[in-house]
Number of protein chains: 2
Amino acid sequence: MVEENADADLLFLDLNMPGVSGFSALAWIRSNHASLPTVIVSAADDPAIIRRSIQHGASGFIPKSSPIGTLEAGIRAVLDGEVWVPEGIDLRDDRLDSEEAKIAMALSSLTPHQFRVLMMLGEGLLNKQIAFQLGVSEATIKAHVTAVLRKMNVNNRTQAVLAVQQLRISAPSLLDSGSGGDAAT
Amino acid sequence: MVEENADADLLFLDLNMPGVSGFSALAWIRSNHASLPTVIVSAADDPAIIRRSIQHGASGFIPKSSPIGTLEAGIRAVLDGEVWVPEGIDLRDDRLDSEEAKIAMALSSLTPHQFRVLMMLGEGLLNKQIAFQLGVSEATIKAHVTAVLRKMNVNNRTQAVLAVQQLRISAPSLLDSGSGGDAAT
DNA sequence: GAGGCTATTATCCAATAGTCGAATCCGGTT
DNA sequence: AACCGGATTCGACTATTGGATAATAGCCTC
């Protein structure tokens with residue numbers, strides 16, 4: 001849709017759209033339509049998610065629970081070139097997880113069709129099914145898939161899908177990174 | 001490890017172990033070793049995660065930040081057959097998301113080897129690599145994979161991996177669907 | 001108009017994935 | 001001891017995937 005509406009002034013983007021996992025779309029749109037301010041509208045209000053949205057290039061974040069007035073103020077602010085987040089959200093000290101940044105960058109380099117194909121890989125579809133849905137030959141899809149694997153630096157579609165999954169809405173800040181044995185007794 | 005220590009009295013399980021995504025291991029262990037009380041020990045303290053742990057059959061949840069005394073009390077309670085969660089966590093109204101329950105049930109039906117193979121699929125490994133790591137022929141792995149696909153009711157490994165990913169630690173309560181509304185931290 | 005990038009398709013080939021049937025092993029029963 | 005159901009193992013066969021190469025066409029830029 002973004003491709004077909006290149007003259008839009010503003011984009012409202014819902015995280016967790018079916019068929020597009022988490023921040024993938026945001027990361028791609030930010031690079032391929034840099035002049036299109038994007039506001040995340042989400043039911044989530046987790047500070048970690050808000051921060052990640054901004055890190056991925058969103059111009060604003062407006063929880064669905066916001067009163068109309070806030071929505072309006074947010075839109076005005078973003079159209080004025082500002083970054084808008086709910087009150088009380090601290091954006092300092094923000095740096096994107098390096099692994100996540102790497103994946104986002106790879107996504108950015110994809111062409112529109114390649115991105116589309118990748119999202120469909122993420123639904124576990126066969127090349128043949130993707131070809132049918134997009135109305136092109138399977139050979140074309142294979143070419144796209146090959147290009148995607150190369151750009152994402154992975155060896156097969158499953159790994160590509162797993163990489164994309166890392167941009168899902170989950171709360172990395174809540175996890176731990178250390179690990180050690182767990183044992184029983 | 002659980003398979004090799006069938007006589008254990010209690011299992012401490014860390015969510016997000018490398019190679020086992022989220023609640024997968026818990027779901028499987030609960031069905032295949034029903035008499036083994038399992039306590040989740042995690043750095044996370046999100047009420048949603050704690051609730052999901054109990055829903056998946058954990059006997060207790062102890063945040064890593066807990067003082068020793070609490071840890072001890074929790075262990076005693078669980079060994080006495082009780083369910084232990086941090087103070088202030090409300091467990092009422094608990095029903096597992098139906099899609100998630102379906103996946104957990106499918107996982108439960110897997111044999112030890114099949115489960116192991118599935119977890120390795122989740123790392124994007126080739127059949128050949130799995131075969132090597134487990135010291136069996138590739139044909140054997142293929143057979144296991146086929147069995148897994150059948151039990152999980154999917155058509156290919158990518159779909160199987162995606163299903164397992166749904167049991168990752170992410171906070172469904174933070175996404176749309178209404179209800180909850182606990183902003184952590 | 002030339003050069004560069006994307007998209008499309010095709011063909012050929014090697015590797016990987018998935019299905020089927022069958023042999024073997026193992027624990028528990030009869 | 002014979003039997004049974006299952007888990008595990010494996011080889012043969014087929015389908016899908018991924019890589020390499022090439023050709024055509026459209027689009028944008030210089």
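So you know, we letter chains A, B, ... as the sequences are listed, proteins then strands, and number each from 1.
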Colleague: Which value, rounded to the nearest 0.5 Å, describes the distance between B/Ile141 atom CD1 and B/Met120 atom CE?
Modeller: 7.5 Å

Colleague: Among side-chain atoms of A/Thr158 and B/Thr158, is any donor-acceptor pair under 3.5 angstrom?
Modeller: yes

Colleague: Which whole-number value in Å describes the distance from A/Ile141 CD1 to D/dT16 C1'?
Modeller: 15 Å

Colleague: I want to verify a distance call: between D/dT17, D/dT8, C/dT8, whose nearest atom is closest to the B/His113 side chain?
Modeller: D/dT8

Colleague: Determine the contact category for B/Ala147: base if any of its heavy atoms lies under 4.0 Å from a base atom, sugar-phosphate if only primed atoms, P, OP1 or OP2 are that close, otherwise nothing.
Modeller: nothing

Colleague: Could you report the tightest heavy-atom contact between B/Gln159 and B/Asn155, atom names first, then the distance?
Modeller: OE1-N, 2.9 Å

Colleague: In terms of relative ring orientation, are B/His113 and B/His144 parallel, tilted or perpendicular, with 30° and 60° separating the classes?
Modeller: perpendicular

Colleague: Return the value, rounded to whole Å, for the distance between atom CG of B/Asn156 and atom P of C/dG18.
Modeller: 6 Å

Colleague: Taking the side chain of A/Thr146 as heavy atoms from C-beta outward, which of D/dA20, D/dG18, D/dC10 is closest to it?
Modeller: D/dG18

Colleague: Rounded to the nearest 0.5 Å, what's the gap from CZ on B/Phe115 to CG on B/Asn32? Could you check?
Modeller: 9.0 Å

Colleague: Hey, does the side chain of B/Arg116 come within less than 4.0 Å of D/dT8's phosphate (OP1/OP2), counting only N and O?
Modeller: no

Colleague: Among B/Asp9, B/Ile75, B/Leu11, B/Val78, whose side chain to side chain contact (heavy atoms under 4.5 Å, CB included) with B/Pro37 holds?
Modeller: B/Val78

Colleague: Just how far, in rounded Å, is P of D/dT16 from CD of B/Gln159?
Modeller: 13 Å

Colleague: Would you tabulate the nitrogen or oxygen pairs shorter than 3.5 Å linking the protein to nucleotides 22-30 of chain D?
Modeller:
none

Colleague: Of the nucleotides D/dA20, D/dG11, C/dT9, which has the atom closest to the A/Ala139 side chain?
Modeller: C/dT9

Colleague: With the side chain of A/His144 defined as its heavy atoms from C-beta on, choose the nearest nucleotide among C/dG18, C/dA7, C/dT16.
Modeller: C/dA7

Colleague: Look at the side chain of B/Ser31 and the backbone N and O of B/Trp28, then say whether any donor-acceptor pair between them is shorter than 3.5 Å.
Modeller: no

Colleague: Out of C/dA7, C/dT19, D/dG19, which has the shortest distance to the side chain of A/Leu149?
Modeller: D/dG19

Colleague: Side chain of B/Thr140 only, please: which of C/dA7, D/dT9, D/dA7 is the nearest?
Modeller: D/dT9

Colleague: I need the CG-P distance between A/Leu121 and D/dT16, as an integer number of Å.
Modeller: 16 Å

Colleague: Which residues pass the side chain to side chain contact (heavy atoms under 4.5 Å, CB included) test with A/Gln129, sequence neighbours left out?
Modeller: A/Leu125, A/Leu126

Colleague: Among C/dT16, C/dT19, D/dG18, which is the nearest nucleotide to the side chain of A/Val145?
Modeller: D/dG18

Colleague: Would you please enumerate the stems DNA chain D participates in, each stem being three or more consecutive Watson-Crick or G-U wobble pairs with both distances under 3.5 Å?
Modeller: C:1-30 with D:1-30

Colleague: Considering only side-chain heavy atoms of A/Arg157, which listed nucleotide, D/dT17, C/dA10, D/dT16, is closest?
Modeller: D/dT17

Colleague: From the options D/dC10, D/dT8, C/dT19, select the nucleotide whose nearest atom is closest to the side chain of B/Lys142.
Modeller: C/dT19

Colleague: May I have the distance from B/Glu138 (atom CD) to D/dC10 (atom P), rounded to whole angstrom?
Modeller: 12 Å

Colleague: Take atom CD1 of B/Ile130 and atom P of C/dA17, then tell me their distance rounded to the nearest Å.
Modeller: 8 Å

Colleague: In whole Å, I'd like the distance from the CZ atom of A/Arg150 to the P atom of D/dG18.
Modeller: 12 Å

Colleague: Rounded to the nearest 0.5 Å, what separation is found between the OG atom of A/Ser42 and the CZ atom of A/Phe61?
Modeller: 4.5 Å

Colleague: Does a side-chain N-to-carboxylate-O contact under 4.0 Å join B/Glu72 and B/Arg76?
Modeller: yes

Colleague: What nucleotide among C/dA17, D/dT16, D/dG11 has an atom nearest to a side-chain atom of B/Ser137?
Modeller: D/dG11

Colleague: For C/dC5, does OP1 or OP2 lie under 4.0 Å from any side-chain N or O of A/Thr111?
Modeller: no

Colleague: Using whole Å, report how far CG of B/Asn127 lies from P of D/dC10.
Modeller: 14 Å

Colleague: For A/His33, does its backbone N or O pair with a side-chain atom of A/Ser35 as donor and acceptor, under 3.5 Å?
Modeller: no

